[in-house]
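Data block below; observations after.
Below, chain A is the first sequence line, B the second, and so on; all start at residue 1.
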Amino acid sequence: MENGISRRKLIQNSLILGCSAAASPLITPVTLASTPFDTRLVVIVLRGAMDGLDVVQPYGDPELKGLRKSTKVGEAAGAHDLDGFYALHSGLGNLMPLWRAGELGFAHAVSTPYRNKRSHFDGQDFLENGGQSSDGSMTSAGDGWLNRMLTQMPGTNVTTAFSVGRQRLLMLEGEVETSSWSPDSDMDLSPTAQALLNQLYAKDPLFHDAAQVAIDLSEKMDGSMNVRQAAKAEALAGFAADRLTEDTRIAAFSIGGWDTHRNQNGTLPAALAELSSAILTLKKRLGSHWDKTTVLAMTEFGRTVRKNGSGGTDHGTGGAMLMAGGAVKGGKVHGEWPGLGELELYQDRDLEPTADVRSYAAWALRDLFAVDRSALEGLVFPGLDMGGDPRIIR
Amino acid sequence: MLARIGLHQEMQKAKRDERRNVSGAEARYKAAQQESRSWIGEDMRSYFARAAISDRGFKERLVAFWADHFTVSGKNQRVLLALGDYLDEAIRPNVATTFGELLNAVVSHPAMLMYLDQVTSFGPNSAVGQREDSGLNENLAREILELHTLGVDGSYTQDDVRQFAELLTGLRVGEKGFYYDKRAAEPGAETILGTSYGGAIGKLSDVKGFLDDLAVHPDTAAHIARKLVVHFISEDPPQDMVEAIASTYRNTRGDLMAIYKTMLEHPASAGPMGAKAKLPTEYVVSTLRALDIAEEITTQNPRVIRNALQIPMQAMGMDVFRPSGPDGWSETAADWITPPALAARIEWAVEAAKEYGQGKDPRQLLTYVLGDGASNELQVAVAGAESKWEGVALLLVSPEFNRR
């Protein structure tokens, strides 16, 4: 009983079980055709609302010290000066070589159009949906902006876009079929068992589609990782990089741990370590493909400019996004700084957003995948005014 | 509960002593750590045992529903240690009372106060709040309005969140569990949703007064009605059923038994099954029941529970006792039937069938488990399996068995 129904390796010679070397019906024929693009995009959703003010610290703003009495900021706190005005939190110190190489940049004082209720869950849905409404309600199809972008890309197939990890990513949901898999996932089924499963699921599209992808992917992936390791950013990024060196051009995954209501000095570094590890793993594992890669890390909203009563920060509005990759024209913190003075804050508590975070993503999509501006402003991000080109891609 | 709070304090104390090189501190810490792990393991075991063995299925489903509605996630050992008591003392005894009583029990339980950071929120102008680096924390106030009562579309503003956070100051957790500390409460009245609560000196009854009003607010009625239908019937809830329940809710001021009765007697409750995907907990528990191994598995030691249930369920997308946020588990089938999560169900079910399905006739099991709910395809597939256990595996991975 000690071993019970644990995840023991399955016996190979049985009907239901056994490794199959059979060609995968879904992927094999189409993978021969690859997308006409050699550029790659990784989107990381930072769930829980990253405090942009602590990660990319505007330490040149004299108001900051007064607002954040209990935290040291800038170089006194071990942060790394970026441009004399902003400093990077010490938790992302490992990324400084990328900054110096021009492969890391930020946009500050950005947000989605979502305002006022400051709900994580609506905020995240909205960030992934990419729609326009300030109350957080989604576009009528309730799909994700990356998926709508795929409808504009020629020559895609089911492996063009990949959602990595166990969590479903709304950003990639929609009309275009995409793949989703976790680094630890595994399923050994014989060809006969696969056929039985197909029959069983024939009339249930939800099960049928999920099983199809699972059957195809379990044959290609080794899944030799435990559940805990597989949830770490290093595993997610490594898996994404492996896909991106093959046919995949777009990968997305999430990193959590940003909801720092309490003891932010103690809790934020762990989330930053995950983000840093994700980016460095991507760079390492992508090898020469890194030069063609853009990584965008986005969060649902920022946090209050003042510390709360628990050494943390509460839900806010304006925040920061990160961009990295060999394809990025880095070494710059983009955006118009709104200031932190009493009259400059949003509702006397939050950083006032001066740009729509979607506009940076939209310009990246235009430059990486040649998507039309009209499609970006009408379909991918309905209602967005992209404004002037911030030139974030080389 | 007291023993567990004491245990956590002993762990912290032993750790401090260890840093100061007090002799025997390391051993004390290890002993407390071990005891703490065994408590948590036992909570996990009894959680599965109750769900799998109880013959009062609907009550267990209500406990699961409300525990999820008022999610407390074991984000650290301190909260994890309080979780078993939270389920047993705040949730379970109140699933058949009124929503107001349930809400009050939840908001005064240490597990919730610790999870959503209320224990570090102090009135900025209170005696305790005057100390450096201490003041308000909005977390619990916001989630009560957004998730637990009015709903995110409810009629509250950021200012209501702020005022409510001030009203909640004073709720604390100490050596003896929950208590109210007026020295930590923000002095003065707070105006929330247009009504004033409290006076110069904070009182617990002011908090209760607002929670009682919140519990009978029409937005709360609408939000709870919708959530019940989304959970028990369909993620695309029939509007007339939601309305019927909300109406009972308003008329009875949140009498939960009356609310369940309206739900169960509504024609939509007798409608076809299968609109929902079973959550991994429901899937695993119904498998244990189907294979008649509920007792055998859930009386094993926590390590077996961990290997046989908890870890496979993580791969199915559910880390029991540790949902990723206070909104709890998703009600959307598509969130659970993803390629990696379905692969994990299939892997686990095949092993379960192989281990425990050898001696069972899959055709009889099919009738026993699904009644006449099995599709023709499933009946043919099960009857045509090459061995008994393979037939059982097909049943367990079928859409019919994975839906409810």
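Residue A:Arg47: no heavy atom, backbone or side chain, is found under 4.5 Å from chain B. For B:Val119, the part lying under 4.5 angstrom from a heavy atom of chain A is the side chain only. For A:Leu197, the part lying under 4.5 angstrom from a heavy atom of chain B is the side chain only. Of the atoms belonging to B:Glu143, it is side-chain heavy atoms, and not backbone ones, that fall under 4.5 Å from chain A. Using a 4.5 Å cut-off between heavy atoms, B:Ala341 does not touch chain A at all. Residue contact with chain B, scored on non-hydrogen atoms closer than 4.5 Å, is absent for A:Ser218. When heavy atoms are compared at a cutoff of 4.5 Å, B:Ser121 approaches chain A solely by way of its backbone atoms N, CA, C and O.
For A:Thr317, the side-chain hydrogen bond (donor to acceptor under 3.5 Å, both in side chains) criterion is met by A:Asp350, not counting sequence neighbours. For B:Arg306, there are no salt bridge (charged side-chain N to carboxylate O under 4.0 Å, His left out) partners two or more places apart in sequence or in a different chain.
When each of B:Ser375, B:Pro399, B:Gly274, B:Gly317 is scored by its heavy-atom pairs under 4.5 Å with chain A, the top score falls to B:Pro399. Contacts with chain A were tallied for B:Asp117, B:Asp153, B:Thr338; B:Asp117 has the most, counting heavy-atom pairs under 4.5 Å. When each of B:Gly135, B:Pro340, B:Ala333 is checked for heavy-atom pairs under 4.5 Å with chain A, B:Pro340 comes out on top. When each of B:Asn402, B:Leu378, B:Leu116, B:Val152 is scored by its heavy-atom pairs under 4.5 Å with chain A, the top score falls to B:Val152.
Heavy-atom minimum distance, B:Ala343 versus A:Trp181: CB-CH2, 3.8 Å.
A distance of 9.0 Å separates CD of A:Gln347 from OG1 of B:Thr157, quoted to the nearest 0.5 Å. Note that OH of B:Tyr156 is 11.0 Å distant from CG of A:Asn116, once rounded to the nearest 0.5 Å. Rounded to the nearest 0.5 Å, atoms CZ (A:Phe207) and CD1 (B:Ile346) are 9.0 Å apart. In this structure, CG in B:Leu147 is found 9.5 Å from NE2 in A:His120, a value given to the nearest 0.5 Å.
Of the N and O atoms on the side chains of A:His261 and B:Asn139, at least one donor lies less than 3.5 Å from an acceptor on the other residue.
With contacts defined as side-chain heavy-atom distances shorter than 4.5 Å, the pair A:Arg228/B:Gln314 qualifies. Counting heavy atoms from C-beta on, the side chains of A:Arg118 and B:Glu138 never come closer than 4.5 Å.
Listed for the B:Arg142 side chain is a donor-acceptor partner under 3.5 Å among the backbone atoms of A:Lys117.
Between A:Asp204 and B:Arg403 there is a salt bridge, with a side-chain nitrogen of the basic residue lying less than 4.0 Å from a carboxylate oxygen of the acidic one.
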